[in-house]
Amino acid sequence: MKGKLITFEGGEGSGKSTHVKLYTEYLDKKGIDYLFLREPGGTNISEKIRSLILDVKNNEMSDHAEALLYASARAQLITEKVIPALDSGKLVIIDRYIDSSFAYQGYARGLGVDYIKKINSFAIENCKPDATVFLNISPAQAFERKGGADKDDRLELSGIEFHQKVYDGYIKLIEEEPERFIVVDPSGTKESTHEKIVNALEKVIR
Ligand code: TYD
């Protein structure tokens, strides 16, 4: 595989989606060719799996079924889109990837990292990210930054314990693989955070 794979990770309210967008706009301006994908999703089948997982009506879904569905959506994305793009030398950017499964299903839901590793080993076919940008803001800070709870906000107080577990999970992953992660503090201005991301990724994309 000749291309590079860059993933973006972070908790709810971390500003991840904003910064992925700013980064792809930067690549556009520079005329750098890339493929942008999001997880879960990115192919017809994976988007169908996404609606199944994220449908609030499916609250009887077991933790194992959820983890396997994320892995299935990922398997389809890898085979259909990621491997062909990397093989052709393209830069691939994904909004969330396997670390989300480690943090959310492995740590926060308590399924364990080994289980997530096992089921995803079938899904990812050795496609490990070359670099992963992590937007490092605690759930409490992210919540504070939003200026309080609103009813449709997934960061509302009742969920903060879960989001703290997700965050702690990410921190453990970073400790295990510090060389892969680019840890960015997003508490400054949007522009300064974007600049940090661009600078850190410069050596990865060249
Ligand atoms: P999305 O609305 O895209 O959230 P965000 O804007 O925060 O990325 O929904 C994705 C949700 O799926 C998010 O809550 C994290 C969760 N998720 C997992 O729990 N495990 C996974 O493997 C992935 C890819 C996502």
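Note that the structure is predicted; figures quoted are calculated from it, not measured. Order of appearance sets the numbers: ligands from 1, and atoms from 1 within every ligand. For this chain, numbers begin at 1 and follow the sequence in order.
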Heavy atoms only, cut-off 4.0 Å: how does [X] contact ligand 1, side chain, backbone, both, or neither?
| X | result |
| --- | --- |
| Lys16 | side chain |
| Arg50 | side chain |
| Ser100 | both |
| Arg38 | neither |

Which option out of Ile53, Val20, Leu54 puts a heavy atom nearest to atom 11 (C) of ligand 1? Leu54
Would you say the ring centroid of Tyr26 lies under 6.0 angstrom from that of Tyr23? yes
What I want to know is whether [X] and ligand 1 share at least one N or O pair that is separated by under 3.5 angstrom.
| X | value |
| --- | --- |
| Glu12 | yes |
| Tyr104 | no |
| Arg96 | yes |

Under 3.5 Å, side chain of [X] to main-chain N/O of [Y], donor-acceptor pair present?
| X | Y | answer |
| --- | --- | --- |
| Arg74 | Glu39 | no |
| Lys16 | Leu135 | no |
| Lys81 | Gly42 | yes |
| Ser88 | Ala85 | yes |

Classify the ring geometry between Tyr170 and Phe134 as parallel (under 30°), tilted (30 to 60°) or perpendicular (over 60°). tilted
Counting each atom of ligand 1 from 1 as listed, which ones have a heavy atom of Ser17 under 4.0 Å away? 6 (O)
With a 4.5 Å heavy-atom cut-off, do Ile49 and Pro40 have their side chains touching? no
